[in-house]
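Remarks on the structure that follows.
Order of listing sets the numbers, starting from 1, for every ligand and every atom in it. All values reported here derive from a predicted model rather than from experimental measurement. No hydrogens, no waters, no symmetry mates; every other heavy atom, side chains included, goes into these values.
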Amino acid sequence: MPANLDRFFQGLSDSQEEKVVAHCEYKRCGSEIYDGQLVTTLDQSIFCNDRCLFNHLGAVTITAGEY
Ligand SMILES: [Zn+2]
């Protein structure tokens with residue numbers, strides 16, 4: 001009989017939940033930012049990485065000479 005399943009599933013939920021301290025300012029991302037995570041900031045805004053900052057600013061990568 002599956003009497004021990006409850007104990008098994010409780011064991012799976014043992015993983016630590018990380019604390020969400022902010023969300024990425026880039027609206028199309030909005031990822032949760034966790035305590036201790038490396039992030040990119042500009043003024044008071046916080047982004048989950050530099051790509052989100054570039055996107056937020058409207059910066060794009062192009063080939064020089066084709067603009
Ligand atoms: Zn982001």
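Under a 3.5 Å cut-off, the side chain of Asp43 and the backbone N or O of Ser45 do not form any donor-acceptor pair.
Taking every heavy atom of both residues into account, Gln37 and Glu32 meet most closely at OE1-O, 3.9 Å. The two atoms that bring Cys48 and Cys24 nearest to each other are N-SG, 3.5 Å, heavy atoms only.
Annotation: protein N, O or S atoms under 2.8 Å of the Zn ion (ligand 1) (waters excluded) comprise Cys24 SG, Cys29 SG, Cys48 SG, Cys52 SG.
By the criterion of side-chain heavy atoms lying less than 4.5 angstrom apart, applied directly or through intervening Ile, Leu, Val, Met, Phe, Trp or Tyr residues, Leu42 is not grouped with Val39; the two fall into different hydrophobic clusters.
Put simply, the side chain of Ile33 reaches to within 4.5 Å of the side chain of Ile46, judged on heavy atoms. No side-chain heavy atom of Lys19 sits under 4.5 Å from any side-chain heavy atom of Tyr34.
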